[in-house]
*Asks:* 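Here it is: the structure, laid out below.
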Amino acid sequence: MRTMKNTIPSRYDHATISAKWQKIWADARVYEPNLDHPVDPYYNLMMFPYPSAEGLHVGNMYAFSGADIAGRFQRMNGHDVLEPIGLDGFGIHSENYAMKIGKHPAEQALVSEKHFYEQLQQIGNGFAWNERLETYDPEYYKWTQWLFIQMFKKGLAYKAISKVNWCPSCKTVLADEQVEDGVCERCKTVVERKDAKQWFFRITNYADTLLKNIEKLRWPEAIKIAQRQWIGKKEGVEIAYPIADTDEKITCFTTRPETNFGATFVVIAPEHELAMRISRGEVEIAREHQDEVKTYCDQALKKSEQQRLEDARKKTGAFTGLYAINKLNNSKMPIYVADFVLAGFGTGAVVGVPAHDLRDFEFAQVMELPIIRVVTGKNGDTTPVVDKNQVQEDDGAMINSAFLDGLEVAVASKKIIEYMVEKGWATRSTSYHLRDWLISRQRFWGPPIPMVECVGTPSCGWQPVPEDQLPVELPYIEEYKPMGDGKSPLEKAPESWLMTTCPRCGETAKRETDVSDTFLDSSWYFLRYPSLGSKTASTLAFDPERIKTWMPVSAYIGGAEHAVLHLLYARFVTIALHEWGLLSFDEPFPFLFGHGLIIKDGAKMSKSRGNVVNPDEYIVKFGADTLRTYLMFLGPYDQGGDFRDDGIAGMERWMQRVWRTVVEKTSATNPTTPALQKKLHQTIQKCTHDLGEFHYNTAIASMMECVNLWNDASESMSREDAMQFLCLLAPFAPYMTEELFQWLGCWDGEGEFRSIHRSNWPIANPQFLVQNDVSFVLQMNGKTKAVFTVPLTTARSQERIETFLQSQEKTKQVLRGAVPKKTVFVPEKLINYVI
RNA sequence: GCAGUGGUGGCGGAAUUGGUAGACGCGCAGGACUUAGAAUCCUGUGUCCUUAAAUAAGACUUGAGGGUUCGAUUCCCUCCCACUGCACCA
């Protein structure tokens, strides 16, 4: 284009161009929103990354780039976009990596941070670098500790004895997520269970709110289902059965009370309070039963996760010698202890109905207990249940159940509940799968839990550290590794740190030496980002004005691996803060988009498989523009794809073609040729729609079609239209499009800089979208026989189209004189002759 | 076992509400340009089959089988496979 005043190379050189614009963008603060007075704020957030051992891999880049494209699209649609980045660098993951390479986590953190941010600089995202944060920064974890204290003050944090995972080989406590199928994820040693005193958050107080609110979230259905399943609300009844010859009762939770006429035994968990009392000899039963129960419980409680899995479905148990009375029919039901019953669900005691529950059936077979059918099987089957395959857990009609006989299960259930509740034998009850959130970690690399235990005055107990003394800084200790005895590494902190004064009585007090779970760090970070740099950033966890402006998050983008843990914790914290009047909303992420996973050779990328793809070399070779666009072209963003080397060369080729076409076939004086004009506006429409839906692969395909036409000898585009096209590609290829855009716009580095990334998203002109001609299909018996290009007016009228078709030689060939039995006409689309 | 997601050419994938299956790209084959290569460009490319110098014609085809419909990748039923999450939850 001779009229352009500056020259441009004939090929796109990504390295120099990327470096050039990175600097110009930073200087012009292109990606820094006005946090206090934004225009149409849009909070574009990607899930908090932790620095992994391998650094950023291509899967991370896929996540970030896809999210960034959405952010850039919103920015061009007139929003002030906040797209922050930071590092979830505290926690076991980082600590383990430091241990592995023999470095101190505090030192390694700085190395990882530098490397990670350098990599993130390269991928072409429009991050607001001014608002970054790291969870191990005392300025950040000061507020994580503050959050803990608020939980404590509201009665939502408590300390209790709990079982922890213990790896005898690593001599350390493990988090649940480090236990895979009952073995330690690192050394594959069988994990044991140990008792320890732990801090918990009462997330279960909010089980119902967490469940109910799911309905109003625009989230992937799969994640919503996972959360519902995890919360696991079950409505049922608790039935209190008197224990024969005692004054005691045993309470069982059941969701199927209508089957109670078929109940033939009761089973309690080894951890059940009655079982423990028997073991201690506090219940009057025959000596042999007491010994048997004690032996069984001792064994069961020692059992590791691994053994429990191995023993799965092999039913064992011990008879207590006690009987529960089923008042419905005054039958005596023997009470057993068995480890297939879980202590943590319901009441830890189960009433056995072997004909209608597979586990109960298996147990009844082993213990030779009676089996009574009370619900008819398929086709009204009333025969006795003698085989596993006959166990009837589905709906049917009641039998052998006195006043329930003949009723359908659902009806019978309502009736028996009313009956038993009225008699005072049962109460309605709800049970949840969700447990309280275990916060304590006997590890080093995390925020110290900000609590002190008074030594001087025992009645003071646990006291929170006064808020003006926060943060409780993590002391530097050389021997940070987990100790062999399950105690926290911070026990070895200097006395000056360990001992302090009790905020209540002023006597000596000892600090809590556990640190908090990493998931606590990430449960509130989205509130901190928009607050950074505000007037109140140093005095409040989050700035109320900024929060009002920016929260809730406009789009939260991340993988499904956090379907329950992180997303549930963040919701819980937000709901609590809302309840305390600190937030005006009760859900942090009304909209969540779950991206897919990038796999390599059909498998998830992992270091052990040796298939981790590092994006660095590809960025060096092809540039971020090409890699980003290639990744997005791989498949639908919510499905991920398989990373292969051969496809990326094709994308590189296309990028060069775009460059060449823009440079060679743009005119400063002539208008866009008509066919191309039409194509451009179709592409604008398609891209606008697809980017809004995260359908990146099809948006790219449509741009390719446009460039293919543009590249044709007879086509050329005006400068203005070419700039419009570049806008469509800008979110994907931010560097190249900026270079070409500024070249077309004749910006030479002087005067006001207006980035393509701050320009307006193109609007499709409906004038160019009007279809004059359509492809009209002629079918016979539903099969396509011919396609005609006809004017729209013809295609809209059956009469006109039939007149037209009769004039066509092709129609005669197809019909061969046959007379249609029936004619189906779809305006603008097709006509189908049924013969 | 339960739940979810998916299954379309040699490969990744496309197909607004049931209406031309295979867009776009990769790969492959042939050709042009070139001393040669790189780069670029052009043409072809689901399978089978018939006829043929060529043009062309036909049948089949969206994991398998069945159903609804003038018409099904799309809706319904049965089954198979892959991946993911939960898993003795009463």
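The chains referred to below are lettered A, B, ... by the order of the sequence lines, with proteins before strands, and numbering in each begins at 1.
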*Asks:* Look at the side chain of A:Phe340 and decide which nucleotide, out of B:C88, B:C41, B:C24, has an atom nearest to it.
*Replies:*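 So the nucleotide nearest the side chain must be B:C88.
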*Asks:* If you assign each of A:Thr347 and A:Ser702 to its closest nucleotide in RNA chain B, which residue comes earlier from the 5' end?
*Replies:*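 The residue whose closest nucleotide sits nearer the 5' end is A:Ser702.
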*Asks:* Both distances below 3.5 Å, Watson-Crick or wobble geometry, any strand: find the nucleotide opposite B:U34.
*Replies:* none
*Asks:* Side chains of A:Arg657 and A:Asn708: any donor to acceptor distance under 3.5 Å?
*Replies:*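 The criterion, which ignores hydrogens and geometry beyond distance, is satisfied for A:Arg657 and A:Asn708.
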*Asks:* Would you mind pulling out the nucleotide paired to B:U73, Watson-Crick or G-U wobble, both distances under 3.5 Å?
*Replies:* none
*Asks:* By nearest atom, which of the nucleotides B:C88, B:C86, B:A14 is closest to the A:Trp230 side chain?
*Replies:*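 Of all the options, the side chain of A:Trp230 is nearest to B:C86.
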*Asks:* Give, ordered by number, those residues of residues 688-699 of chain A having at least one heavy-atom distance below 4.0 Å to an atom of RNA chain B; if nothing qualifies, reply none.
*Replies:* A:Asn697, A:Thr698
*Asks:* Nearest heavy-atom pair of A:Trp230 and A:His433: which atoms, and what distance?
*Replies:*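 Residues A:Trp230 and A:His433, closest heavy atoms: O-ND1, 2.7 Å.
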*Asks:* Nearest to the side chain of A:Asn832, which nucleotide is it out of B:A39, B:C24, B:C70?
*Replies:*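 Closest of the options to the side chain of A:Asn832: B:C70.
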*Asks:* Among the nucleotides B:U40, B:U20, B:C24, which one has an atom lying closest to any side-chain atom of A:Gln779?
*Replies:*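 The closest nucleotide is B:U20.
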*Asks:* Does the structure show a Watson-Crick or G-U wobble partner for B:A90, both distances under 3.5 Å? Name it, or say none.
*Replies:*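 Base partner found: none.
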*Asks:* Tell which nucleotide pairs with B:A3, taking only Watson-Crick or G-U wobble pairs whose two distances are both under 3.5 angstrom.
*Replies:*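 Across all strands, the one nucleotide that pairs with B:A3 is B:U84.
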*Asks:* Evaluate side-chain contact (heavy atoms from CB on, under 4.5 Å) for A:Gln390 paired with A:Asp387, printing each intermediate quantity in order.
*Replies:* CA-CA 5 Å; A:Gln390 284 176 285; A:Asp387 186 85; 3.6 Å; yes
*Asks:* For B:U43, give the paired nucleotide (Watson-Crick: N1-N3 plus N6-O4 or O6-N4; G-U: N1-O2 and O6-N3; both under 3.5 Å), or none.
*Replies:* B:A29
*Asks:* Applying the Watson-Crick and G-U wobble criteria at under 3.5 Å, what pairs with B:C48? Answer none if nothing qualifies.
*Replies:* B:G58
*Asks:* Would you say the side-chain atoms of A:Tyr432 and A:Asp208 include a donor-acceptor pair closer than 3.5 Å?
*Replies:*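 On atom types as modelled, these side chains qualify, holding a pair under 3.5 Å.
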*Asks:* Does a side-chain N or O of A:Arg657 approach OP1 or OP2 of B:C41 to a distance below 4.0 Å, or not?
*Replies:*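 Yes, because at least one side-chain N or O of A:Arg657 sits under 4.0 Å from OP1 or OP2 of B:C41.
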*Asks:* Taking it one step at a time, do A:Thr666 and A:Trp710 satisfy side-chain contact (heavy atoms from CB on, under 4.5 Å)?
*Replies:* CA-CA 9 Å; A:Thr666 303; A:Trp710 187 359; 3.6 Å; yes
*Asks:* I'd like a table of atom pairs between the protein and nucleotides 3-12 of chain B - only N or O on both sides, under 3.5 Å - with the distance next to each one.
*Replies:*
residue, atom, partner, partner atom, Å
B:G12, O2', A:Leu634, O, 2.6

*Asks:* With sugar-phosphate meaning primed atoms plus P, OP1 and OP2, does A:Val834 contact a base, only sugar-phosphate, or nothing at under 4.0 Å between heavy atoms?
*Replies:* sugar-phosphate
*Asks:* Using a cut-off of 6.0 Å, state whether more than 12 heavy atoms not belonging to A:Glu799 lie near its atom CD.
*Replies:*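 It does not: A:Glu799 CD has 12 such atoms or fewer within range.
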*Asks:* For the side chain of A:Met704, counting heavy atoms from C-beta on, which of B:A90, B:G25, B:G13 is nearest?
*Replies:*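 Per side-chain heavy atoms of A:Met704, the pick is B:G25.
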*Asks:* Select one nucleotide: of B:U20, B:A90, B:C41, the one nearest the side-chain heavy atoms of A:Val350.
*Replies:*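 Selected nucleotide (nearest to the side chain): B:A90.
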*Asks:* For the C1' atoms, the ones on B:U62 and on B:G13, what distance do you get once it is rounded to whole angstrom?
*Replies:*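 So the two C1' atoms sit 13 Å from each other.
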*Asks:* Taking the cut-offs as 6.0 angstrom to the six-membered ring centre and 45 degrees off its axis, would you call A:Lys388 and A:Phe361 a cation-pi pair?
*Replies:*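 No, a cation-pi geometry is absent between A:Lys388 and A:Phe361.
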*Asks:* So what does A:Asp360 touch, heavy atoms closer than 4.0 Å: a base, only the sugar-phosphate, or nothing?
*Replies:*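 The residue A:Asp360 makes no contact with any strand.
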*Asks:* Is the ring pair A:Phe804/A:Phe788 parallel, tilted or perpendicular, if the boundaries are 30 and 60 degrees?
*Replies:* perpendicular
*Asks:* Within the distance-only criterion (no hydrogens, no angle test), does the side chain of A:Asp712 pair as donor or acceptor with the backbone N or O of A:Ser714 below 3.5 angstrom?
*Replies:*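 No, A:Asp712 side chain to A:Ser714 backbone: no donor-acceptor pair under 3.5 Å.
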*Asks:* Is B:G9 syn or anti, taking syn as a glycosidic angle within 90° of 0?
*Replies:* syn
*Asks:* Both distances below 3.5 Å, Watson-Crick or wobble geometry, any strand: find the nucleotide opposite B:A53.
*Replies:* none
*Asks:* Between B:C26, B:C88, B:U20, which nucleotide has the shortest distance from any of its atoms to the side chain of A:Val777?
*Replies:* B:U20
*Asks:* Applying the Watson-Crick and G-U wobble criteria at under 3.5 Å, what pairs with B:A21? Answer none if nothing qualifies.
*Replies:* none
*Asks:* Could you check A:Val351 against A:Met651 and say which one's nearest nucleotide on RNA chain B is further toward the 5' end?
*Replies:*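 Closest to the 5' end, via its nearest nucleotide, is A:Met651.
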*Asks:* Strictly below 4.0 Å: does A:Lys783 bring a side-chain N or O up to OP1 or OP2 of B:C60?
*Replies:* yes
*Asks:* Tell me whether the OP1 or OP2 atom of B:U20 has a side-chain N or O from A:Lys829 closer than 4.0 Å.
*Replies:*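 Answer no for this pair, as no side-chain N or O of A:Lys829 is under 4.0 Å from OP1 or OP2.
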*Asks:* Quick one: CD on A:Gln656 to CZ on A:Arg11, what's the gap to the nearest 0.5 Å?
*Replies:* 4.0 Å
*Asks:* Any donor-acceptor pair under 3.5 Å joining the side chain of A:Lys821 to the base of B:C70?
*Replies:*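 Check fails, no donor-acceptor contact within cut-off.
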*Asks:* Does a side-chain N or O from A:Arg653 land closer than 4.0 Å to OP1 or OP2 of B:G27, or not?
*Replies:* yes
*Asks:* Has A:Gln392 got a side-chain atom pairing as donor or acceptor with A:Asp394's backbone, closer than 3.5 angstrom?
*Replies:*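 Side chain of A:Gln392 to backbone of A:Asp394, a donor-acceptor pair under 3.5 Å: yes, one is there.
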*Asks:* With respect to the side chain of A:Thr255, which nucleotide from B:G71, B:A90, B:A23 is positioned closest?
*Replies:* B:A90
*Asks:* Can you tell me how far CG of A:Leu680 sits from CD of A:Gln685, rounded to the nearest 0.5 angstrom?
*Replies:*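 It comes to 12.0 Å.
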*Asks:* Write down the distance separating the P atoms in B:C75 and B:G4, rounded off to the nearest Å.
*Replies:* 15 Å
